[in-house]
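A short worksheet on the structure shown next.
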2 protein chains.
Amino acid sequence: MAFAETFKALSDPVRRKIMELLKKETLSAGEIGSHFDMTGATISYHLSILKKAELITETRQKNYIYYSLNTSVVEEVMLWLSTLKGDN
Amino acid sequence: MAFAETFKALSDPVRRKIMELLKKETLSAGEIGSHFDMTGATISYHLSILKKAELITETRQKNYIYYSLNTSVVEEVMLWLSTLKGDN
DNA sequence: CTGCTATTTAGAAAAATTTCTAAATAATAT
DNA sequence: ATATTATTTAGAAATTTTTCTAAATAGCAG
């Protein structure tokens, strides 16, 4: 995991909101997009960044692409943060 | 605390390295700068962003300004991350 | 007060990010 | 095979971020 990518990915409010949506349930790209006032192309761009950071994973079904959280990377970020606090 | 500012602050590698330096000890702006190949003005810019995000605090002594970590904001970030994982 | 050191602020250039439109893929359905 | 729907890719414009140089501020020290 590359912290650079992970933190950059989480630094954008749209992407954090996507993470929160996916916390509740797996969603298709289109369903995610319906929560924002942006084109599908822009949502696709944000999804690609979360994917590169391995914060989400995708699975294809019919002609939909479903996205879900990958909590293990979230955990690694938390570990880095916890070392800042001195608990290690 | 504003997550936007906090995550943005942590999204830059220079600023994360500053956080790691300050994890060990309080340092002056100049001492922090000596770890990077950048002008003091640039370091000052990065410090200002960490300060706005309340990730660090400053105290003045003589004509030095010393910086230290503020771990309570680090903890709030960890809390947000933990809700993603579903532990709450 | 004058000079010296530490740091910040201002303004501009360079680089990276975000967003859009238009076109391309991919998969399904008729 | 053609049409339709879902999504991504490419390229460009707009915005934001990072960095620098030069100038300003702040606090000693002599």
Side-chain angles (χ1 to χ4, degrees), chain A residues 1-22 25-70 73 77, chain B residues 1-22 25-70 73 77:
Chain A
M1 200 217 11
F3 277 120
E5 279 181 346
T6 313
F7 275 107
K8 270 255 148 76
L10 290 173
S11 74
D12 183 90
V14 171
R15 294 192 292 265
R16 282 197 303 280
K17 188 168 167 193
I18 292 175
M19 292 293 282
E20 290 183 334
L21 290 170
L22 295 180
E25 54 193 333
T26 289
L27 295 170
S28 69
E31 290 169 327
I32 292 169
S34 75
H35 289 82
F36 298 90
D37 186 17
M38 302 174 151
T39 64
T42 299
I43 296 301
S44 183
Y45 160 76
H46 285 298
L47 289 171
S48 78
I49 287 181
L50 288 170
K51 213 174 357 172
K52 256 184 241 153
E54 294 179 275
L55 283 161
I56 62 176
T57 58
E58 70 174 40
T59 64
R60 287 159 185 268
Q61 256 178 72
K62 297 185 57 183
N63 49 340
Y64 295 83
I65 303 179
Y66 288 96
Y67 288 93
S68 337
L69 282 196
N70 175 13
V73 172
V77 176
Chain B
M1 199 215 13
F3 277 119
E5 279 180 346
T6 313
F7 275 107
K8 270 256 148 79
L10 290 172
S11 74
D12 183 89
V14 172
R15 293 193 292 265
R16 282 198 303 281
K17 188 169 168 193
I18 291 175
M19 292 292 284
E20 288 182 334
L21 290 169
L22 295 180
E25 54 193 332
T26 289
L27 294 170
S28 69
E31 289 169 327
I32 293 168
S34 75
H35 289 83
F36 298 89
D37 185 18
M38 300 176 153
T39 65
T42 297
I43 295 301
S44 184
Y45 159 77
H46 285 299
L47 289 172
S48 79
I49 286 182
L50 288 170
K51 212 174 357 172
K52 257 185 239 153
E54 296 179 272
L55 284 161
I56 62 175
T57 57
E58 68 173 43
T59 63
R60 287 161 185 269
Q61 256 176 73
K62 296 185 58 185
N63 51 340
Y64 295 84
I65 305 181
Y66 287 96
Y67 289 94
S68 338
L69 282 195
N70 176 14
V73 172
V77 176

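Quick note on labels: first sequence line is chain A, next is B, and so on, each numbered from 1. Hydrogens, waters and symmetry mates are skipped; everything else that's a heavy atom, side chains included, is used.
The residue from A:Ile49, A:Ile56, A:Leu55 that alone fulfils the side-chain contact (heavy atoms from CB on, under 4.5 Å) condition with A:Arg15 is A:Ile49.
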Would B:Thr57 and B:Ser68 satisfy side-chain contact (heavy atoms from CB on, under 4.5 Å), going step by step from the backbone distance to the final call? CA-CA 5 Å; B:Thr57 57; B:Ser68 338; 4.1 Å; yes
Evaluate the side-chain contact (heavy atoms from CB on, under 4.5 Å) criterion for residues A:Met19 and A:Leu50: first the C-alpha distance (whole Å), next the side-chain angles of each, then the deciding distance (0.1 Å), finally the verdict. CA-CA 9 Å; A:Met19 292 293 282; A:Leu50 288 170; 4.0 Å; yes
side-chain contact (heavy atoms from CB on, under 4.5 Å) between B:Phe36 and B:Lys17: does it pass, once the steps are laid out? CA-CA 9 Å; B:Phe36 298 89; B:Lys17 188 169 168 193; 3.7 Å; yes
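Residue B:Asn70 comes nearest to B:Glu54 through the heavy atom pair ND2-O, 2.9 Å, listed as atom of the first residue, atom of the second, then distance. Summarising the geometry of B:Ile43 relative to B:Ala29, their closest heavy-atom pair is CG2-O, 4.2 Å, with the distance given to 0.1 Å. Across B:Tyr66 and B:Gln61, no two heavy atoms sit closer than the pair CE1-CB, 3.8 Å. Closest of all the heavy-atom pairs between A:Lys8 and A:Ser11 is O-OG, 2.7 Å.
Here B:Tyr67 lies in heavy-atom contact (under 4.0 Å) with sugar-phosphate atoms only.
Only B:Gly40, B:Ala41, B:Ser44, listed by number, bring a heavy atom of residues 37-62 of chain B to less than 4.0 angstrom from any atom of DNA chain C.
Once you apply a 4.0 Å limit to the heavy atoms of chain A, the touched nucleotides of DNA chain D run 5' to 3' over D:dT5 to D:dT9.
Contact annotation: B:Ser28 side-chain N/O to C:dT7 OP1/OP2 distance is under 4.0 Å.
Put simply, CG on B:Asn63 is 13 Å from C1' on C:dG3, counting in whole angstrom units.
Annotation: of the two residues near DNA chain C, A:Tyr64 and A:Lys8, the 5′-most nearest-nucleotide partner is A:Lys8.
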